[in-house]
Amino acid sequence: MGRSASASGWYDEKSSLVKKGPWTPEEDEKLVEYIQRYGHGSWSWRALPKLAGLNRCGKSCRLRWTNYLRPDIKRGNFSQEEEQTIINLHALVGNKWSAIANNLPGRTDNEIKNFWNTHLKKKLLQMGIDPVTHRPVTATNSDNIHHLYYLMINHLLSSLAPQLLASSSSSGTCSSLANNNLMMNMNPWGK
DNA sequence: AAAGCTCACAACCGCCGGCTC
DNA sequence: AGAGCCGGCGGTTGTGAGCTT
């Protein structure tokens with residue numbers, strides 16, 4: 001089933017008039033006010049811009065709300081524990097940012113994805129760990145840190161991945177696994 | 001001081017799966 | 001059964017801020 005861009009919500013029938021780019025405080029205010037007043041369920045994202053008096057496509061509104069305006073979003077730097085959780089979960093499920101975000105309350109998939117791409121990937125590479133495979137970059141490297149990390153990830157992949165993937169949509173399922181004592185104790189970069 | 005570069009992150013884009021008709 | 005709508009996802013891009021030269 002192929003889908004056009006218009007069907008996915010980026011452009012409506014008057015696409016040339018739909019505004020793109022950064023949101024203004026006024027637009028934010030309109031969006032927040034409408035959602036807070038009417039809650040979810042009585043409208044669709046596609047219909048919302050018109051209802052709220054916004055010259056945006058529904059998809060842009062949804063993204064703005066879920067990634068930035070939602071009241072439960074946690075702002076600020078990632079803690080060591082959050083960082084550790086992301087790395088552990090990424091080793092289990094890969095680039096499933098929404099599944100990872102489900103286990104980090106207040107964090108969005110977009111935020112985690114950005115954090116991974118700008119910080120964690122580099123950090124792992126500096127440690128000599130491939131951020132994709134979570135294995136040492138050099139096959140012959142038997143350094144203790146790499147070896148511990150490798151054992152840890154393999155242990156988790158073999159024992160936990162099936163159940164994690166099966167329940168990745170339900171929040172709270174993974175966090176206890178990702179943060180369990182074994183993993184924290186084996187954390188090769190400390191803290 | 002200013003031009004160029006790098007980094008971080010908000011936003012865009014295209015695609016997919018589920019659902020409805 | 002299949003076409004279309006919708007919400008959601010992950011990859012990519014644009015841009016502003018901060019840093020370096």
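Order of the sequence lines fixes the chain letters, A, B, ..., with proteins taken first and strands second; residue numbering starts at 1 for each chain. Bear in mind that the values here come from a model prediction, so they are computed numbers and not experimental data. Computed over heavy atoms, backbone and side chain alike; hydrogens, waters and symmetry mates excluded.
In terms of phosphate contacts, A:Lys20 brings a side-chain nitrogen or oxygen within less than 4.0 Å of OP1 or OP2 of B:dC13. Contact between the side-chain N/O atoms of A:Ser44 and the OP1/OP2 oxygens of C:dC5 is not found at any separation under 4.0 Å. OP1 or OP2 of B:dC12 lies within a sub-4.0 Å distance of a side-chain N or O belonging to A:Ser60. Taking only side-chain nitrogens and oxygens, A:Arg46 never comes nearer than 4.0 Å to OP1 or OP2 of C:dG4. Not one side-chain nitrogen or oxygen of A:Trp97 sits closer than 4.0 Å to the OP1 or OP2 atom of C:dG8.
One atom, CG of A:Leu63, and another, P of C:dC9, lie 10 Å apart when rounded to the nearest Å. Rounded to whole angstrom, the span from the NZ atom of A:Lys19 across to the C1' atom of B:dC12 amounts to 15 Å. One interatomic measurement links the two molecules: CG of A:Asn102 to P of C:dG8, which rounds to 12 Å at whole-angstrom precision. Atom CH2 in A:Trp65 sits roughly 16 Å away from atom C1' in C:dG7 (whole-Å rounding). B:dA8 atom P lies 19 Å from atom CG of A:Asn67, rounded to whole Å. Computed from coordinates, the A:Ile100 CD1 to C:dC9 C1' distance equals 13 Å when rounded to whole Å. Between A:Arg62 atom CZ and B:dA11 atom C1' there is a gap of 12 Å when expressed in whole angstrom units. Rounded to whole angstrom, the span from the NZ atom of A:Lys59 across to the C1' atom of B:dC13 amounts to 7 Å.
With sequence neighbours excluded, no residue satisfies side-chain hydrogen bond (donor to acceptor under 3.5 Å, both in side chains) with A:Arg62. Remark: A:Glu29 pairs with no residue by the side-chain hydrogen bond (donor to acceptor under 3.5 Å, both in side chains) rule, at least two apart or across chains. With sequence neighbours excluded, no residue satisfies ring-ring contact (aromatic ring centres under 6.0 Å, His included) with A:Tyr68.
Relative orientation of the A:Tyr34 and A:Tyr38 rings is tilted, given thresholds of 30° and 60° on the angle between their planes.
Here the nucleotide nearest the side chain of A:Trp23, chosen from B:dA11, B:dC7, C:dC9, is B:dA11. Listed candidates were C:dG10, B:dA10, B:dC9. Nearest to the side chain of A:Lys96 is C:dG10.
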Would you tabulate the side-chain donor-acceptor contacts of residues 114-121 of chain A under 3.5 Å, counting partners in other chains and residues two or more places apart, or write 'none'?
residue, atom, partner, partner atom, Å
A:Asn114, ND2, A:Asn110, O, 3.3
A:Asn117, ND2, A:Lys113, O, 3.3
A:Thr118, OG1, A:Asn114, O, 2.7

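Of the residues in residues 109-118 of chain A, those placing a heavy atom less than 4.0 Å from an atom of DNA chain B are A:Asn110, A:Asn114, A:Thr118, in numerical order.
Of the two residues near DNA chain C, A:Pro22 and A:Thr66, the one whose nearest nucleotide lies more 5' is A:Thr66.
Note on A:Lys74 versus A:Glu111: no salt bridge recorded, every NZ/NE/NH1/NH2 to OD/OE distance being 4.0 Å or above.
Grouped by direct or indirect side-chain proximity (heavy atoms under 4.5 Å, Ile/Leu/Val/Met/Phe/Trp/Tyr only), A:Leu125 sits alone.
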